[in-house]
Protein chains: 2
Amino acid sequence: MATSLAEENYLKIIYRLCEGTKEDISTNSIAELTNNKAASVTDMLQKLAEKGWVTYQKYQGVRLTKIGESIALSIIRKHRLWEVFLVEKLGYNWDEVHEIAEQLEHIESETLINKLDSFLDFPKIDPHGDPIPSQEGEIPELGYLHLSEVKLNETCTLMGVAKDSAVFLQLLTKLNLSLGARLEVLEFNTFDRSVSLKIAEEKPIFISHEVAKNILVKV
Amino acid sequence: MATSLAEENYLKIIYRLCEGTKEDISTNSIAELTNNKAASVTDMLQKLAEKGWVTYQKYQGVRLTKIGESIALSIIRKHRLWEVFLVEKLGYNWDEVHEIAEQLEHIESETLINKLDSFLDFPKIDPHGDPIPSQEGEIPELGYLHLSEVKLNETCTLMGVAKDSAVFLQLLTKLNLSLGARLEVLEFNTFDRSVSLKIAEEKPIFISHEVAKNILVKV
DNA sequence: ATTAATTTTTAGTCTAGACTAAAAATTAAT
DNA sequence: ATTAATTTTTAGTCTAGACTAAAAATTAAT
Ligand SMILES: [Mn+2]
Ligand SMILES: [Mn+2]
Ligand SMILES: [Mn+2]
Ligand SMILES: [Mn+2]
């Protein structure tokens with residue numbers, strides 16, 4: 001069945017919200033991410049349920065069905081592959097690609113995305129460290145930790161970010177925090193939970209808890 | 001001012017219809033190419049006139065304004081550059097790219113298309129031999145002839161096609177007629193205006209007037 | 001010059017996807 | 001257990017962009 005742009009955006013956002021939790025998700029949480037009013041969300045949820053892409057009980061929240069999830073994953077696959085293209089081939093920075101990929105992810109073609117995948121040499125992650133779902137909708141669970149959760153004095157590698165707003169990514173760039181960086185947490189400050197850390201063998205820098213929480217690392 | 005997808009498609013089609021002629025173009029001719037009813041076209045023409053992209057007098061036809069033309073050209077630029085990308089980088093055939101480019105041409109980004117242009121090494125023509133407008137909206141007049149109009153026994157080069165339907169392009173491919181081919185017309189058959197021609201030094205082939213008319217050549 | 005045929009516009013309608021205001025249901029607080 | 005606060009849904013509205021049917025204007029035919 002064909003999907004409209006609006007439907008695709010809803011499915012993607014519902015996927016993101018479902019990811020973390022086993023609970024059904026709320027109308028308001030969707031409204032917040034889509035920048036729509038709750039009433040509009042209710043409307044769309046009824047349509048999506050009608051099409052069999054979500055299970056929805058009024059007042060009780062919503063979840064993706066298997067089909068809904070596979071649609072969401074195909075859009076995420078497209079989003080991330082296009083982001084790789086924009087960075088690897090066109091020379092964009094990682095903080096500049098999200099808005100463009102938001103548009104490109106809706107291009108509809110049976111063949112396009114697989115040819116793009118092949119052209120890019122089958123990347124496994126996007127410029128933000130996020131895994132790229134396979135054609136079959138498989139997405140590896142990478143099991144990264146938030147930098148705010150690692151043990152002291154243990155070296156870890158920056159593998160991704162939990163947020164892709166441009167200002168956040170620009171801040172990381174300015175701090176010299178990029179994918180692959182070797183990090184060691186020296187101290188968690190108990191007052192404001194700010195973090196003192198070393199990048200490679202450089203002299204220590206400070207980052208806020210807010211930043212540390214959105215950095216994903218592998219130990 | 002922002003342009004919607006529907007508006008962009010109308011402007012592009014109006015551009016195509018204006019190209020050939022000095023006359024204002026008719027509501028019906030637009031309706032035919034957009035696959036809309038005349039009433040819907042009238043509606044849109046009023047909106048486009050309101051925005052200053054066309055001059056429109058009811059019952060008297062329509063033309064693009066300077067601004068309307070520059071919007072149309074920027075969409076055509078995007079369409080053709082994406083077609084080059086699809087053929088050169090992703091390995092599509094020339095008969096497979098039109099529909100996908102119809103979608104890609106609407107991606108909106110200040111920087112994207114120029115980065116793409118650079119990545120493709122500033123191509124001057126698309127896979128169908130059509131010229132690519134510059135960033136400033138300049139488009140060279142190539143002055144090609146239709147193969148149905150050339151002189152007998154004069155060698156010419158296949159430079160483009162006047163039609164990009166997939167079946168037409170597939171036929172050319174099957175006949176071994178591709179951009180750059182060296183052609184020599186041996187005879188125009190007076191009965192059905194079919195054309196006998198040689199490709200390079202191969203043995204002669206026959207094509208219909210309909211085909212010859214849609215092949216563009218340089219003498 | 002009239003009349004007929006054709007083209008174009010107007011008037012009214014529909015759908016998707018948004019909105020606001022009010023009603024209903026759920027959850028939190030006493 | 002009731003009441004208050006919060007969340008969600010319903011009802012009604014709006015806009016863009018399509019449609020059909022009927023009216024109006026233009027063009028072609030006598
Ligand atoms: Mn992104
Ligand atoms: Mn990303
Ligand atoms: Mn094309
Ligand atoms: Mn083309």
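Convention: sequence-line order gives letters A, B, ...; per-chain numbering from 1.
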Could you give the CD-to-P distance, from Q46(B) to dT9(C), as a whole number of Å? 7 Å

I need the CD-C1' distance between Q60(B) and dT27(D), as an integer number of Å. 11 Å

Which one, dA18(D), dT9(D), dT26(D), comes nearest to the side chain of A6(B)? dA18(D)

Looking at H146(B), is its backbone amide N or carbonyl O close enough to the side chain of E149(B) to form a donor-acceptor pair, meaning the two atoms are under 3.5 Å apart? yes

Would K213(A) and E210(A) count as a salt bridge (charged side-chain N to carboxylate O under 4.0 Å, His left out) here? Give the steps. CA-CA 5 Å; K213(A) 193 175 74 179; E210(A) 184 63 22; 3.3 Å; yes

Out of dT26(D), dG17(C), dT9(D), which has the shortest distance to the side chain of M44(A)? dG17(C)

In whole angstroms, the gap separating P of dA18(C) from CG of L48(A) amounts to 11 Å

Does T27(B) put a side-chain nitrogen or oxygen below 4.0 Å from OP1 or OP2 of dT7(C)? no

Whole-Å distance separating the CG atom of L45(B) from the P atom of dA16(D): 16 Å

Could you check which of dA18(C), dG17(C), dT7(C) has an atom nearest any side-chain atom of N28(B)? dT7(C)

Nearest of dT20(D), dT9(D), dA25(D) to any side-chain atom of A39(B)? dT20(D)

Tell me the interatomic distance from D43(B), atom CG, to dA16(D), atom P, rounded to whole angstroms. 10 Å

Counting only Watson-Crick or G-U wobble pairs whose two distances fall under 3.5 Å, which nucleotide matches dT30(D)? dA1(C)

Is there a donor-acceptor contact under 3.5 Å linking the side chains of Y56(A) and D24(A)? no

To the nearest angstrom, how far is K37(B) atom NZ from dA18(D) atom C1'? 10 Å

Could you give the OH-to-P distance, from Y10(A) to dA18(C), as a whole number of Å? 5 Å

Would you please classify the geometry between the F119(B) ring and the F85(B) ring as parallel, tilted or perpendicular, with 30° and 60° separating the classes? tilted

Please report, rounded to the nearest Å, how far the P atom of dT8(D) is from the OH atom of Y56(A). 9 Å

Nearest of dG17(C), dT9(D), dT9(C) to any side-chain atom of A38(A)? dT9(D)

On DNA chain C, check which nucleotide each of N36(A) and Y59(A) is closest to and give me the residue with the more 5' one. N36(A)

Taking only side-chain N and O atoms of S40(B), does any of them lie within less than 4.0 angstrom of OP1 or OP2 on dG17(D)? no

Reckon T42(B) has a side-chain N or O less than 4.0 Å from the OP1 or OP2 of dT10(C)? no

For dA23(C), which nucleotide in any strand shown is its Watson-Crick or wobble partner with both distances under 3.5 Å? dT8(D)

So which nucleotide from dT9(C), dT9(D), dG17(C) ends up closest to the side chain of E7(A)? dG17(C)

Check this for me: does any side-chain nitrogen of one of E83(A) and R80(A) sit under 4.0 Å from a carboxylate oxygen of the other? no

With a 4.0 Å cut-off, would you call K78(A) and E8(A) a salt bridge? no

Phosphate oxygens OP1/OP2 of dT7(C): is one of them under 4.0 Å from a side-chain N or O of S26(B)? no

